[in-house]
Amino acid sequence: MSRAPVGVFDSGVGGLSVLREIRARLPQEDLLYVADSGHVPYGEKSAEFIRERSQHIAEFLLAQGAKALVLACNTATAAAVAELREHYAELPIVGMEPAVKPAAAATRSGVVGVLATTGTLKSAKFAALLDRFASDVRVVTQPCPGLVERIEAGELDGPHTRALLRGWVEPLLAEGCDTLILGCTHYPFIKPLLRELVPESVRLVDTGAAVARRLEQVLGERGLLAEAGGESAVRFWSSGRAEQLARVLPALWGEACAVSSLS
Ligand code: DGL
């Protein structure tokens with residue numbers, strides 16, 4: 001048993017979609033969340049830059065006493081998880097990747113679409129994922145530059161967001177995709193809009209719940225789960241404008257909370 005908190009981070013608000021799943025599955029855990037909003041989006045930045053930021057944030061979270069890290073970001077996982085695991089060999093680190101395996105198992109048309117950042121889609125980790133799990137299906141990838149910025153601004157349903165999304169999704173449907181992978185943690189927040197743009201029969205697959213299950217497993221194996229029951233707390237930091245994160249927390253996290261700044 002351990003009362004120490006779990007550290008979670010993303011380039012911005014996207015990881016809140018994962019934090020919600022962790023909170024629902026492990027309500028007894030104290031959680032620390034860092035939004036690297038001063039450097040969002042990661043999707044168009046170099047892998048080296050993302051590795052530097054991930055290392056910096058990991059150090060900050062460890063200094064706050066984190067017993068485990070969750071990279072609630074597909075792009076940061078692709079760029080930095082291997083290096084972080086090497087650097088902090090004893091620390092449980094949970095990363096995330098687009099849900100290619102479940103999508104390949106679920107598709108009936110044999111065509112799967114992947115919406116993700118440019119960084120994720122061009123990474124070696126994503127290529128390895130396709131080699132491993134997608135040999136029997138056709139995978140059509142679609143980078144979504146500009147979408148993360150709309151979500152950061154809280155524009156989950158505005159005309160600009162809708163037009164962007166329609167422009168990416170219609171070609172995927174025309175290719176015969178019956179399963180769409182949300183390969184970026186920001187995208188679950190535009191799921192209601194996406195549902196309006198695709199037929200009901202199209203499956204939308206994301207990985208937040210699987211990451212929460214994996215975290216529970218990893219903490220359990222190491223005897224690090226917090227004892228059930230009792231109070232627990234969630235704390236937030238942003239490297240961007242703290243008041244901007246505070247402004248969107250009620251909609252994206254479900255309650256208003258204080259946000260501190262970090263560099
Ligand atoms: N939320 C992130 C992901 O899962 C990164 C978005 C971005 O900053 O480009 O990939």
Side-chain angles (χ1 to χ4, degrees), residues 8 10-11 14-15 17-18 20-22 25 41-44 47 50 54 69-85 93-145 147-148 151 165 168-191 194-195 197-218:
V8 181
D10 177 47
S11 61
S17 67
V18 181
R20 289 199 307 203
E21 300 287 352
I22 295 174
R25 188 157 194 102
Y42 279 0
E44 308 296 318
I50 296 167
S54 300
L69 290 185
V70 177
L71 278 66
C73 176
N74 295 264
T75 315
T77 300
V81 77
E83 197 184 73
L84 289 177
R85 286 195 174 123
I93 299 180
V94 176
M96 58 195 304
E97 56 195 15
V100 172
K101 189 182 175 192
T107 178
R108 293 200 196 101
S109 69
V111 191
V112 168
V114 188
L115 299 163
T117 68
T118 306
T120 295
L121 295 176
K122 68 175 195 212
S123 68
K125 216 166 175 349
F126 182 67
L129 193 64
L130 292 186
D131 275 353
R132 188 149 173 232
F133 296 119
S135 47
D136 295 336
V137 299
R138 192 154 71 84
V139 175
V140 188
T141 59
Q142 177 60 64
C144 306
L147 184 54
V148 159
I151 297 168
L165 207 51
W168 292 316
V169 164
E170 279 177 359
L172 293 177
L173 297 177
E175 292 270 359
C177 295
D178 69 346
T179 306
L180 294 181
I181 298 174
L182 309 188
C184 167
T185 54
H186 281 73
Y187 303 168
F189 290 121
I190 42 112
K191 220 168 170 178
L194 202 48
R195 271 275 55 115
L197 299 175
V198 302
E200 224 175 284
S201 57
V202 171
R203 280 179 211 79
L204 305 177
V205 188
D206 68 75
T207 23
V211 168
R213 283 198 299 276
R214 176 78 188 134
L215 175 64
E216 182 178 35
Q217 185 191 7
V218 167

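Just so you know, these numbers come straight off a predicted model, no measurement behind them.
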CG-CG distance between Asp206 and Leu115, expressed to the nearest 0.5 angstrom: 11.5 Å
Arg214 (side chain) donor-acceptor with Val94 (main chain) under 3.5 angstrom: no
side-chain contact (heavy atoms from CB on, under 4.5 Å) between Leu147 and Trp168, worked out: CA-CA 11 Å; Leu147 184 54; Trp168 292 316; 3.8 Å; yes
Any donor-acceptor N or O pair under 3.5 Å, side chains Thr120, Ser123: no
Nearest non-hydrogen partners of Thr207 and Ala99, listed with the distance: CG2-CB, 3.7 Å
Separation between OG of Ser17 and OH of Tyr187, rounded to the nearest 0.5 Å: 11.5 Å
Closest non-hydrogen atom pair, Ala72 against Val8: CB-CG1, 3.7 Å
Interatomic spacing from CG in Asp178 to OG in Ser201 - rounded to 0.5 Å: 7.5 Å
Side chain proximity check, Leu180 to Val205, heavy atoms < 4.5 angstrom: no
Side chains of residues 131-143: which donor-acceptor pairs under 3.5 Å do they make with residues two or more places apart or in other chains?
{"from": "Arg138", "atom 1": "NH1", "to": "Glu175", "atom 2": "OE1", "distance (Å)": "3.1"}
{"from": "Arg138", "atom 1": "NH2", "to": "Glu175", "atom 2": "O", "distance (Å)": "3.2"}
{"from": "Arg138", "atom 1": "NH2", "to": "Glu175", "atom 2": "OE1", "distance (Å)": "3.2"}

Side-chain touch Phe126/Val100, heavy atoms, less than 4.5 angstrom: yes
Counterpart residues, side chain to side chain donor-acceptor pair (under 3.5 Å), relative to Ser54 (two or more places apart): none
Min side-chain heavy-atom separation Val81-Lys125 under 4.5 Å: yes
Reported CE-to-CG distance for the pair Met96 and Leu71, which is rounded to 0.5 angstrom: 9.5 Å
Atom of Leu173, atom of Pro199 and distance for their closest heavy-atom approach: CD1-CD, 3.9 Å
Pair Thr77-Glu97, side-chain contact (heavy atoms from CB on, under 4.5 Å): steps then yes or no: CA-CA 7 Å; Thr77 300; Glu97 56 195 15; 5.5 Å; no
Nearest-0.5 Å distance that lies between atom CZ in Arg203 and atom OG1 in Thr179: 4.5 Å
Heavy-atom closest pair, residues Val202 and Cys177: CG2-O, 4.1 Å
Lys101 NZ to Ile181 CD1 distance, which is reported to the nearest 0.5 Å: 13.0 Å
Minimum heavy-atom distance Val198-Val169, with the two atoms named: CG1-CG1, 3.4 Å
Trace of the side-chain contact (heavy atoms from CB on, under 4.5 Å) decision for Val211 with Glu21: CA-CA 8 Å; Val211 168; Glu21 300 287 352; over 6 Å; no
Side-chain donor/acceptor of Thr118 to backbone N/O of Glu44, under 3.5 Å: no
Residue pair Cys184 / Thr117: nearest heavy atoms and the distance that separates them: SG-CG2, 4.2 Å
Derivation of the side-chain contact (heavy atoms from CB on, under 4.5 Å) call for Ile190 and Leu165: CA-CA 9 Å; Ile190 42 112; Leu165 207 51; 3.7 Å; yes
